[in-house]
Novice: 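One structure follows; several queries about it will come next.
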Amino acid sequence: MQRRWLTVPVLGLLTVFLLTTLPAEESTEVAQKTLVPETYPPGELGEIVKLGRELVARTHEHPLSKQYVGNALDCTSCHLKNGTDPRAASFLGVASAYPAWSPREKRVITLEDRVLNCFMRSQNGIRPPLGSKVSVAITAYITWLSSGSEIRMNHQKPLGPRHVPSLSRKAELAEEKRGAKLYEDRCADCHGASGAGTTEGPPVWGKQSYNDGAGLSRNDKLAAWLKVSMPPDDTDLTEQEALDIAAYVNSHARPHFILKEHLPPAERLGVYEW
């Protein structure tokens, strides 16, 4: 039997050392493997967590969730690798930030609220009922990915500890014309010249993409996400390039968000049966 010479504290220090000295793509891989729990919870809870992972991966086509989705996006379209990428809108540790104050809603919201709001905006669909299997499973999965995180409820914004950082460059400096060329060179192969998506990447404008109520419809938000997410596993965009691409993508038509059109009937705002 192989002897274990490293104690737990030393292993922790080794992980920190690796994350601060490895190249970006390698440190991302190490962080992902380190922070994702190794096992699912036992019993029915574990089954619900597994269901949540499946819903995140196949949101727009899964039999349980597709009725609430109004476009061709899945949760993992934005939260890469089913939310386990440490940088690209990561789910890792995010449950520890809730309940949180939401400036947009002007109230304190729960993690479940935040998930369901994404169905209305990023997925241009109908908000699933509180307590439904869809909302419980996805929030259970995100909470599982937050195992071991210290609870630090966010009194400023509904953002977790690994939220996408804002760019230092001002959004006003974005240039749509430069963005068009960059999109053609860097993005069209996966997302299509018409922005309608391909088998390699989801649609980025038009009826099958996020609506204008989603965070990514703002150039500063989309550019910040592009900077840490695109191209996948080889992120090399400058802040200016990310801003230019964001300006070009968001210059195209997309669905208009009207809140009342995305809410379920009053009698189905919450459910108590599965």
Side-chain angles (χ1 to χ4, degrees), residues 22-32 56-61 69 71-92 118 121-124 159 162-255:
L22 288 175
E25 64 274 12
E26 292 184 33
S27 64
T28 296
E29 183 178 349
V30 170
Q32 182 181 346
V56 165
R58 301 174 50 233
T59 325
H60 86 281
E61 61 182 9
V69 180
N71 57 24
L73 301 186
D74 302 308
C75 297
T76 196
S77 299
C78 298
H79 307 278
L80 300 189
K81 299 177 182 176
N82 297 326
T84 66
D85 187 302
R87 303 174 69 219
S90 181
F91 285 159
L92 297 171
C118 270
R121 297 170 184 272
S122 296
Q123 292 174 313
N124 192 41
L159 298 174
R162 294 179 175 274
H163 67 87
V164 175
S166 300
L167 300 184
S168 59
R169 201 163 185 79
K170 299 296 185 182
E172 293 77 17
L173 298 175
E175 172 53 61
E176 183 183 322
K177 188 174 292 186
R178 286 196 305 259
K181 176 60 175 171
L182 284 165
Y183 181 88
E184 179 183 355
D185 294 340
R186 305 293 304 275
C187 315
D189 283 350
C190 289
H191 299 283
S194 66
T198 70
T199 56
E200 299 296 322
V204 290
W205 65 75
K207 293 182 179 179
Q208 293 301 310
S209 190
Y210 54 87
N211 63 41
D212 63 6
L216 293 187
S217 68
R218 292 172 44 188
N219 291 346
D220 58 336
K221 295 288 187 181
L222 177 56
W225 182 85
L226 290 170
K227 183 71 176 67
V228 298
S229 306
M230 293 288 116
D233 298 319
D234 190 27
T235 52
D236 62 352
L237 293 174
T238 66
E239 288 198 357
Q240 186 62 59
E241 288 172 334
L243 280 169
D244 293 344
I245 293 172
Y248 175 69
V249 167
N250 282 335
S251 71
H252 294 82
R254 61 183 65 257

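Note that this is a predicted model, so its numbers are computed, not measured.
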Novice: Show the nearest heavy-atom pair for residues Pro232 and Met230, with the distance to one decimal.
Specialist: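 Looks like CG-CE, 3.6 Å.
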Novice: Looking at Ala246 and Ala223, what are the two nearest heavy atoms and their distance?
Specialist: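 Scanning both residues completely, I find the closest heavy atoms to be CB-N, 3.8 Å.
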Novice: If you look at every heavy atom in Ser209 and Asn124, which pair is closest and at what distance?
Specialist: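 Minimum heavy-atom separation between Ser209 and Asn124: O-CB, 4.2 Å.
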Novice: State, to 0.1 Å, how close Asn71 and Leu73 come at their nearest heavy-atom pair, and which atoms those are.
Specialist: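 Result for this residue pair: OD1-N, 3.0 Å.
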Novice: State whether the side chain of Thr59 and the backbone N or O of Cys75 hold a donor-acceptor pair below 3.5 Å, judged by distance alone.
Specialist: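 Pair found, side chain donor or acceptor close to backbone of Cys75.
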Novice: State, yes or no, whether a side-chain contact exists between Glu175 and Leu182 at a heavy-atom distance under 4.5 Å.
Specialist: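 A side-chain contact is absent here, since even the closest heavy-atom pair is not under 4.5 Å.
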Novice: Could you check if a side-chain atom of Leu216 sits within less than 4.5 angstrom of a side-chain atom of Trp225, using non-hydrogen atoms only?
Specialist: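 Side-chain contact under 4.5 Å: yes.
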Novice: Counting C-beta onward and ignoring hydrogens, is there a side-chain heavy-atom pair between Leu237 and Arg186 closer than 4.5 Å?
Specialist: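 When only atoms from C-beta onward are counted, Arg186 and Leu237 do touch, with a gap below 4.5 Å.
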Novice: With side chains defined as the heavy atoms from C-beta onward, is the minimum distance between Arg87 and Thr235 less than 4.5 Å?
Specialist: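 They are in side-chain contact.
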Novice: To the nearest 0.5 Å, what is the distance between OG (Ser90) and NE2 (His163)?
Specialist: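 The NE2 atom of His163 is 11.5 Å from OG of Ser90, to the nearest 0.5 Å.
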Novice: Mind listing the closest non-hydrogen atom pair of Val69 and His60 along with its distance?
Specialist: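 Distance-wise, the nearest heavy atoms are CG1-CB, 3.7 Å.
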Novice: To the nearest 0.5 Å, what is the distance between CG on Asp85 and CG on Asp233?
Specialist: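 Asp85 CG to Asp233 CG: 7.0 Å, rounded to 0.5 Å.
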Novice: Do Ser168 and Glu239 have side chains that get closer than 4.5 Å, going by heavy atoms?
Specialist: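 In contact.
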Novice: Are His191 and Pro203 close enough that some pair of their side-chain heavy atoms sits under 4.5 Å apart?
Specialist: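 Side chain of His191 against side chain of Pro203, heavy atoms only: no contact under 4.5 Å found.
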Novice: Rounded to the nearest 0.5 Å, how far does CG of Asp220 lie from NZ of Lys170?
Specialist: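 Interatomic distance, Lys170 NZ to Asp220 CG, rounded to 0.5 Å: 10.0 Å.
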Novice: If you compare all heavy atoms of Ser166 against all heavy atoms of Ala224, which two are closest, and at what distance to 0.1 Å?
Specialist: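 Closest approach of Ser166 to Ala224: CA-CB, 4.5 Å.
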Novice: In Å and rounded to the nearest 0.5 Å, what is the NZ to OG distance from Lys177 to Ser251?
Specialist: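 Answer rounded to 0.5 Å: 12.5 Å.
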Novice: How about Arg121 and Asn211: do any of their side-chain heavy atoms sit closer than 4.5 Å?
Specialist: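 Yes, side chains in contact.
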Novice: To the nearest 0.5 Å, tell me how far Tyr210 OH sits from Ser77 OG.
Specialist: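 The OG atom of Ser77 is 11.5 Å from OH of Tyr210, to the nearest 0.5 Å.
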Novice: Without swapping roles, check the side chain of Glu61 against the backbone of Arg58 for a donor-acceptor pair under 3.5 Å.
Specialist: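 The answer is no, because no donor-acceptor pair under 3.5 Å joins these two groups.
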Novice: Using 0.5 Å steps for rounding, measure from the CD atom of Glu176 to the CG atom of Leu243.
Specialist: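 If I round to the nearest 0.5 Å, the distance is 13.0 Å.
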Novice: Take Val249 and Arg254 through the side-chain contact (heavy atoms from CB on, under 4.5 Å) test and state the conclusion after the steps.
Specialist: CA-CA 10 Å; Val249 167; Arg254 61 183 65 257; 3.8 Å; yes
Novice: So, Asn219 and Asn250: side-chain donor and acceptor under 3.5 Å apart, yes or no?
Specialist: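 The criterion, which ignores hydrogens and geometry beyond distance, is satisfied for Asn250 and Asn219.
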Novice: Before you tell me yes or no, could you show the steps for Arg169 and Asp244 under salt bridge (Lys or Arg N to Asp or Glu O under 4.0 Å), namely the whole-Å CA-CA distance, both residues' side-chain angles and the distance that decides it to 0.1 Å?
Specialist: CA-CA 11 Å; Arg169 201 163 185 79; Asp244 293 344; over 6 Å; no
Novice: Does a side-chain heavy-atom distance below 4.5 Å link Ser217 with Leu222?
Specialist: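 Side chain of Ser217 against side chain of Leu222, heavy atoms only: no contact under 4.5 Å found.
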Novice: Could you tell me how the ring of Tyr248 sits relative to the ring of Trp205: parallel (under 30°), tilted (30 to 60°) or perpendicular (over 60°)?
Specialist: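 Ring orientation of Tyr248 relative to Trp205: perpendicular.
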